[in-house]
There are 2 protein chains.
Amino acid sequence: MKRQITIKDIALKLGLSTSTVSRALKDHPDISPKTRAAVKELAALLGYRPNRIALNLRNNSTSTIGLIIPEIEHYFFSAIINGIEEVAYKNDYSVMVFQSNESYKREVINTQAVLTNRVDGVLVSFSKETNDFSHFQKLIDNEIPVVFFDRVIDELQADQVVADDYQGAFLAVNHLIEKGCKRIAHFAAPQHLAIGKSRLSGYHDALLKHNIPFDQSLVVLADTFDSARKSAHDILRRPDYPTGFFAVNDMAAIAIIKEAKHLGLRVPEDIKVVGFENSKSAAISEPELTTVDQFGFELGREACQLLLKRLKNEENETSFKPIKKVIKTRLVVRSST
Amino acid sequence: MKRQITIKDIALKLGLSTSTVSRALKDHPDISPKTRAAVKELAALLGYRPNRIALNLRNNSTSTIGLIIPEIEHYFFSAIINGIEEVAYKNDYSVMVFQSNESYKREVINTQAVLTNRVDGVLVSFSKETNDFSHFQKLIDNEIPVVFFDRVIDELQADQVVADDYQGAFLAVNHLIEKGCKRIAHFAAPQHLAIGKSRLSGYHDALLKHNIPFDQSLVVLADTFDSARKSAHDILRRPDYPTGFFAVNDMAAIAIIKEAKHLGLRVPEDIKVVGFENSKSAAISEPELTTVDQFGFELGREACQLLLKRLKNEENETSFKPIKKVIKTRLVVRSST
DNA sequence: TTACAAATTTCAATCGTTTGCACTTTAACA
DNA sequence: TGTTAAAGTGCAAACGATTGAAATTTGTAA
């Protein structure tokens with residue numbers, strides 16, 4: 001690689017010391033106008049760019065944040081990245097992306113990578129497999145600010161940003177009931193994830209509000225297209241199949257619709273379906289899917305803003321109080337209900 | 001931030017010099033077994049981690065690659081990132097992501113960011129707006145290896161990785177013809193993009209092969225959902241509307257299907273539609289979309305591998321010969337044709 | 001004991017930039 | 001002309017790790 005122009009090069013050509021050049025470049029008042037002008041001119045001419053790595057070393061900071069995320073391919077996560085990148089960009093931070101691919105092992109390695117790369121802070125949404133969180137604790141022990149988003153855990157002393165899963169689920173189920181559904185199934189996420197729990201509990205309470213008994217047999221674990229399609233097949237073949245479906249994400253909801261149509265049922269006449277995410281696919285599905293908008297972009301923005309705030313107040317080490325931000329959701333009504 | 005353990009800390013505690021500690025840690029033969037063992041033990045005990053930034057400065061390399069990409073939210077691009085991250089991860093590289101959001105201005109800033117961050121190499125898919133490429137030339141002038149993927153340009157002395165757009169388009173249109181379509185429309189991407197040109201020319205040649213005259217009025221510029229829906233509306237209202245549609249991407253194809261159904265036309269009975277991308281949405285659409293698989297993941301992998309190869313052979317500066325890799329595509333036949 | 005080689009270890013410079021302090025120049029005033 | 005303060009520059013250390021060369025220690029044989 002071509003050697004980059006350094007302060008030393010400029011100093012040499014001008015017969016100055018590196019200190020003078022350094023100060024001239026940043027308008028230090030000690031430097032005479034003549035010298036300053038000369039330095040700046042030559043710097044521009046040579047195309048001098050300060051070497052960030054040297055600065056990183058000196059300041060012990062990289063202006064980089066690490067992002068550990070299950071899978072970029074999910075619409076929801078890429079929307080979040082969008083929000084994160086937006087805020088990072090505006091604050092002159094760069095983002096390093098590490099995917100766990102929903103693997104705990106990979107995630108542990110990711111936390112190490114984040115450490116070796118000396119990022120200033122980390123944004124995390126952990127994998128479905130993860131139920132030991134000591135690798136994140138290690139980050140916190142190293143006093144690297146961590147903000148969890150979407151998939152969060154209360155046991156760690158760290159900030160959190162989440163969608164209002166409870167509210168969203170409540171809205172969704174309430175909507176199904178108002179549309180006339182008496183028996184409503186819930187396709188749920190694993191219950192060790194907070195989103196799994198909150199959405200189930202929103203579902204539960206919406207039923208309660210309308211005096212509909214909670215039926216455990218109508219709650220199935222299915223948060224992917226394939227598993228949801230299979231479960232939908234089973235449940236729709238029961239004689240007393242439910243007429244309302246609340247799925248934990250859009251993919252599962254779409255799988256339900258697909259399978260229903262496959263079995264000769266009409267949506268929304270025979271069954272009604274609500275998803276969660278408001279992905280691109282929701283608008284494409286046929287009929288278009290009623291869903292809960294999670295505002296992924298805003299969620300990413302909030303998470304990044306929170307992290308940057310922590311990075312700026314680093315001196316303030318007295319008694320860390322975790323902040324939990326909750327982003328309100330919104331029901332997007334379409335033709336599947 | 002807590003001060004990290006350095007080599008100096010270990011040296012001090014053991015009454016050694018930093019050089020000895022450094023060499024002991026990397027099994028240099030000069031170091032006596034006793035010393036080595038002692039150093040390693042203490043290093044492990046204290047949780048020593050080498051400071052990558054210091055190494056970056058010394059080696060003038062960051063083990064980081066920059067990725068400049070239009071929008072992460074597109075399935076195709078996130079699939080590519082997946083492939084890139086996979087290869088980077090295996091080779092101990094980290095990936096910094098910069099989105100241009102299809103904005104030329106932002107892209108120029110991204111190239112600067114990539115420079116200040118002193119990445120070792122850059123992977124680029126440029127924005128639709130871009131038709132001045134001097135900002136990329138600047139990267140090349142700085143002797144930073146650049147690999148273009150998907151959206152590429154021949155005028156720059158840089159490697160390229162692309163899907164075989166011509167072949168894919170040919171397959172798609174050939175398939176439509178074999179399914180009985182006589183009049184086939186093409187919803188195209190802007191013609192200053194190589195993908196726009198290649199896919200049009202694949203379309204053209206497939207027609208030619210079957211002696212179907214090329215009709216310019218059947219080629220419309222529409223590569224987004226909204227623009228395609230609008231164009232589909234117009235074209236389907238013509239009395240002599242075409243019965244085959246080849247869209248430059250899945251979103252446009254899905255828009256065509258939506259609009260056709262909206263106008264009371266049946267797919268695939270009345271019109272047949274083929275997309276390009278093989279996104280998740282293609283499998284979800286109703287009817288499921290026949291499309292050309294671009295193998296985004298493999299494309300990302302190839303691009304990253306090519307870049308890493310360049311990074312490894314940096315000494316070899318004699319007469320740079322750009323490499324162009326073409327990834328074969330595959331027609332995925334579903335029920336829209 | 002001396003000499004010499006081999007085995008270990010340390011020194012010092014390096015990467016590029018910043019910054020407290022010391023130094024030199026300039027100018028002004030007595 | 002000498003004194004002194006102000007203005008402008010330079011020195012050197014620091015960030016953390018590496019590495020060629022120099023220095024030290026150790027071992028061995030005469």
Side-chain angles (χ1 to χ4, degrees), chain A residues 1-40 42-43 46-64 92 115-120 142 314, chain B residues 1-40 42-43 46-64 92 115-120 142 314:
Chain A
M1 186 144 19
K2 202 166 72 180
R3 238 192 82 271
Q4 295 279 328
I5 302 295
T6 73
I7 262 188
K8 212 189 259 176
D9 298 321
I10 300 177
L12 222 59
K13 290 213 182 172
L14 254 36
L16 292 169
S17 71
T18 58
S19 345
T20 304
V21 174
S22 169
R23 281 190 259 253
L25 286 171
K26 34 182 44 189
D27 293 324
H28 194 286
D30 275 3
I31 304 300
S32 72
K34 274 173 301 180
T35 314
R36 176 181 335 194
V39 168
K40 286 195 170 180
L42 185 60
L46 298 178
Y48 166 77
R49 298 182 67 85
N51 185 325
R52 173 97 141 232
I53 303 175
L55 290 175
N56 290 348
L57 180 58
R58 184 161 223 283
N59 304 332
N60 197 28
S61 120
T62 53
S63 293
T64 297
D92 282 317
L115 273 174
T116 39
N117 279 288
R118 291 296 208 271
V119 300
D120 292 349
N142 275 285
E314 279 224 305
Chain B
M1 187 143 18
K2 204 165 71 180
R3 240 193 80 269
Q4 295 278 331
I5 303 294
T6 73
I7 259 188
K8 212 190 260 176
D9 298 321
I10 299 177
L12 222 58
K13 291 215 180 169
L14 254 37
L16 293 169
S17 72
T18 58
S19 345
T20 306
V21 174
S22 168
R23 281 191 254 253
L25 286 171
K26 36 181 44 190
D27 294 323
H28 193 288
D30 275 3
I31 304 301
S32 72
K34 272 172 302 177
T35 314
R36 174 180 337 191
V39 167
K40 286 197 167 177
L42 186 59
L46 298 178
Y48 166 78
R49 299 181 68 83
N51 185 326
R52 174 96 142 237
I53 303 174
L55 291 175
N56 289 348
L57 179 59
R58 183 159 223 283
N59 305 334
N60 197 28
S61 119
T62 53
S63 293
T64 297
D92 281 317
L115 272 174
T116 41
N117 278 291
R118 291 295 208 274
V119 300
D120 291 349
N142 275 286
E314 279 224 303

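By convention in this document, chain letters (A, B, ...) are assigned in the order of the sequence lines, proteins followed by strands, and residues within each chain are numbered from 1.
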Self-check item: Set of residues satisfying side chain to side chain contact (heavy atoms under 4.5 Å, CB included) with respect to B:A54, sequence neighbours excluded
Solution: A:L57, B:N51
Exercise. Enter the inter-axis angle for the ends of the helix from C:dT1-D:dA30 to C:dA30-D:dT1 (five pairs per end, rounded to 10°).
Key: 80°
Quiz prompt | For DNA chain C, the residues among residues 47-58 of chain B that have a non-hydrogen atom under 4.0 Å from it | solution = B:L57, B:R58
Exercise. Please name the pair of heavy atoms, one in B:T18 and one in B:A11, separated by the smallest distance, quoted to 0.1 Å.
Key: N-CB, 3.9 Å
Quiz item: What is the minimum heavy-atom distance between A:S61 and A:N56, and which atoms define it?
Solution: O-OD1, 3.0 Å
Quiz item: CD1 of A:I5 to NZ of A:K13: how many Å apart, nearest 0.5 Å?
Solution: 6.5 Å
Exercise. Report yes or no: does A:T62 contribute a side-chain atom to a donor-acceptor pair with the main-chain N or O of A:R118 at less than 3.5 Å?
Key: yes
Quiz item: Which whole-number value in Å describes the distance from A:D9 CG to C:dG16 P?
Solution: 8 Å
Quiz item: Looking across every strand, which nucleic acid part, if any, lies under 4.0 Å from A:S32 by heavy atom: base, sugar-phosphate, or nothing?
Solution: sugar-phosphate
Quiz item: Whole Å only: how far is the NZ atom of B:K34 from the C1' atom of C:dT9?
Solution: 12 Å
Self-check item: Contact check, side chains of A:K8 and A:V21, non-hydrogen atoms, under 4.5 Å
Solution: no
Exercise. Examine C:dC15: is either OP1 or OP2 under 4.0 Å from a nitrogen or oxygen in the side chain of A:K8? Give yes or no.
Key: yes
Practice problem: Would you sort out whether A:V39 and A:T20 count as a side chain to side chain contact (heavy atoms under 4.5 Å, CB included), showing the intermediate values? | Solution: CA-CA 9 Å; A:V39 168; A:T20 304; 5.6 Å; no
Practice problem: Applying side-chain hydrogen bond (donor to acceptor under 3.5 Å, both in side chains), name anything that partners A:N117, two or more places apart in sequence or on another chain. | Solution: B:R52, B:S94
Practice problem: Specify the residue among B:P33 and B:R118 whose closest nucleotide of DNA chain C lies further upstream toward the 5′ end. | Solution: B:P33
Practice problem: Provide, to the nearest angstrom, the distance between the NE2 atom belonging to A:H28 and the C1' atom belonging to C:dT17. | Solution: 14 Å
Practice problem: Taking side chain to side chain contact (heavy atoms under 4.5 Å, CB included) as the test, write out the residues that go with A:A43, two or more places apart. | Solution: A:I10, A:L25, A:Y48
Self-check item: Spacing between B:L16 atom CG and C:dT8 atom P, to the nearest angstrom
Solution: 14 Å
Write down the protein N/O and nucleotide N/O pairs, taken from nucleotides 20-27 of chain C, whose separation is under 3.5 Å; answer none if there are no such pairs.
residue: C:dG20; atom: O6; partner: A:R23; partner atom: NH2; Å: 2.9

Quiz item: Once you round to the nearest 0.5 Å, how far does CG of B:D9 lie from CG of B:L42?
Solution: 9.0 Å
Quiz item: Does A:T35 have any side-chain hydrogen bond (donor to acceptor under 3.5 Å, both in side chains) partners at least two apart in sequence or in another chain, and if so, which?
Solution: A:S32
Quiz prompt | Between P of C:dA7 and CD1 of B:I31, the distance in whole Å | solution = 14 Å
Self-check item: Residue pairs, two or more places apart or on separate chains, that pass salt bridge (Lys or Arg N to Asp or Glu O under 4.0 Å) and touch residues 28-39 of chain A
Solution: A:D27-A:R36
Quiz item: CG of B:L16 to CD1 of B:I7: how many Å apart, nearest 0.5 Å?
Solution: 11.0 Å
Exercise. Give me the first and last nucleotide of DNA chain D, going 5' to 3', that has any atom under 4.0 Å from a heavy atom of chain A.
Key: D:dG8 to D:dG16
Self-check item: Atom-pair distance (CD1 on A:I7; P on C:dC15), nearest Å
Solution: 14 Å
